Amino acid sequence: MNYPIEAIRNDFPILTQQVHGKPLVYFDNGATTHKPRQVVEAMEEVAFRYNSNIHRGVHTLSNLCTEAFENARQTVASFIGAHNSHEVIFTRGTTESINLVAYSFGETFLQSGDEVIISGMEHHSNIVPWQLLQKRKGVVLKVIPVLDNGQLDMEVFRSLISRRTRLVSVTHVSNVLGTINPIEEIIEIAHQHNIAVLIDGAQAVQHLAVDVKKLDCDFYALSGHKLYGPTGIGVLYGKEKWLNQMVPYQGGGEMIQTVTFEETTFNELPYKFEAGTPDFTGAIGLAAAVKYLQNIGLQKIHAYEDELFNYAFEKLQALGNITFYGTAHIRGSLISFLLNGIHPFDAGTLLDKMGIAVRTGHHCAQPLMERFKIPGTIRASFGLYNTTSEVDALVNGLVKVRQLFG
Ligand code: PLP
């Protein structure tokens, strides 16, 4: 495949270092990805050239900064295929995006006894906000079960829908199983019943081309730091028709039109949901990350990562005495497994001594661990800069882990 891996790796200086005297092999991209020079330089340019608070100033730097911030919104909007850039709200990340919907959609549209459907493979960030809403408003939470192969039980999903169902909130790609959920089908079924759908895209947008217009989802959440952008910045895409009606999430500067002690009127979209000074430096960095991905091309990235995934899966399978979690036909980007008889934490600690970074534990999905009756897994999650020789290093590392444990 014509994939510029050398040039890509050169853009990520962090990858050239040694850890415990060994070349770093970074397979923890599901938790956070590294930042290319282009992202750091874009943020440096803000700090060194035009840092200034946005939207409020008449002076040159403020105007430059405002323009760069609003351009960043446009870049993100076209990246995810949003109709309008004012449907793109900058948040701190996926977690805040979901909390925003749980609060504002919940306060505006949900009554006691109304139902929200999530799935058994959700990250805690797509469980706890709904539980808080449950406590606040008496909303009922229903859960789509996960099959043994790591797919959602779509039969049960259909049967969970009732007259009182108001919202479905599911992950696009599982951060534990790698399953790519049939969100098109979920959205279609939900819409047949006039139910809104939120998609947690934290593990999707860095691997798959996403078009919210085609998907027709009502909300889509993502995090900058998982798509080679900065931490502390993320996005909530929401359809204008919902966002316009929803009550604000937080109060403060920027989200108002007029304030008196008697009454406040709220700003238009997207500002109504961006109280206080937003992380404009982060948003500009995120746009640089998006452009970086667009330059390589998401189709190309997806094809490359798919090859890497297949290579890794075959090699790991050949090791034998290994249990995989998530064997759905349509999956990718990460592999969750256990070396039979060895605790994932022990394996992860030994791999680290060999310079290999994997994630071990419950991956913020305790109900899913409970479902599979395991304490956690070892998760190797791939990024656009990983290579087959790094996969070989992981496999050799696992052989050594086994030897050390006899
Ligand atoms: N949803 C999924 C599927 C995730 O994998 C994560 C993070 O790992 C999150 C939500 C939360 O993302 P953040 O911590 O960036 O808000």
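Just so it is clear, the structure is predicted and the values come from calculations on it, not from any experiment. Only this structure's heavy atoms are used, side chains among them; waters, hydrogens and symmetry mates stay out. Indexing begins at 1, ligand by ligand and atom by atom, following the structure's order.
- A donor-acceptor contact under 3.5 angstrom links the side chains of Thr323 and Asn340, judged on distance only.
- Comparing heavy-atom distances from atom 11 (C) of ligand 1 across Val176, Asn99, Leu334, Thr95 singles out Thr95 as nearest.
- Annotation: Ser125 places no N or O atom under 3.5 Å from an N or O atom of ligand 1; distance criterion only.
- Contact between Arg359 and Ala31 at its shortest, heavy atoms only, is NE-CB, 3.7 Å.
- Nearest-heavy-atom check against atom 5 (O) of ligand 1 across Gln203, Arg359, His225 picks out Gln203.
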Audit row: Arg73, Glu87, salt bridge (charged side-chain N to carboxylate O under 4.0 Å, His left out) steps and yes/no
CA-CA 9 Å; Arg73 199 190 302 280; Glu87 292 175 313; over 6 Å; no
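- Taking a 4.0 Å cut-off on heavy atoms, His124 fails to register as neighbouring ligand 1.
- Under 4.0 Å is where a charged nitrogen must lie from a carboxylate oxygen, and between Lys137 and Asp114 no such pair does.
- In summary, Lys142 and Glu115 engage in a salt bridge, as defined by a charged side-chain N under 4.0 Å from a carboxylate O.
- Of all the heavy atoms of Asp200, the ones lying under 4.0 Å from any atom of ligand 1 belong exclusively to the side chain.
- In this structure, Glu44 does not pair ionically with Arg49, as no charged nitrogen and carboxylate oxygen lie closer than 4.0 Å.
- We find that Glu41 and Arg37 are not joined by a salt bridge, their nearest charged nitrogen and carboxylate oxygen being 4.0 Å or further apart.
- Of all atoms in ligand 1, numbered sequentially from 1 with element shown, those under 4.0 Å from a heavy atom of Asn175 are 5 (O).
- Residue Lys226 holds the heavy atom nearest to atom 7 (C) of ligand 1 of all those in His363, Glu122, Lys226, Glu96.
- For atom 4 (C) of ligand 1, the closest heavy atom belonging to the protein is His123 CD2, 3.3 Å.
- At least one heavy atom of Thr171 sits less than 4.0 Å from an atom of ligand 1.
- Close contacts of ligand 1 with Ser223, meaning ligand atoms under 4.0 Å from a residue heavy atom, involve 12 (O), 13 (P), 15 (O), 16 (O).
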Donor-acceptor pairs under 3.5 angstrom involving side-chain atoms of residues 283-300: please list them, not counting sequence neighbours.
{"unit_1": "Tyr292", "atom_1": "OH", "unit_2": "Asp11", "atom_2": "OD2", "d": "2.7"}
{"unit_1": "Lys300", "atom_1": "NZ", "unit_2": "Asn2", "atom_2": "O", "d": "3.4"}

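- Every atom of ligand 1 is numbered from 1 in the order shown, and the set under 4.0 Å from a heavy atom of Thr94 is 10 (C), 12 (O), 16 (O).
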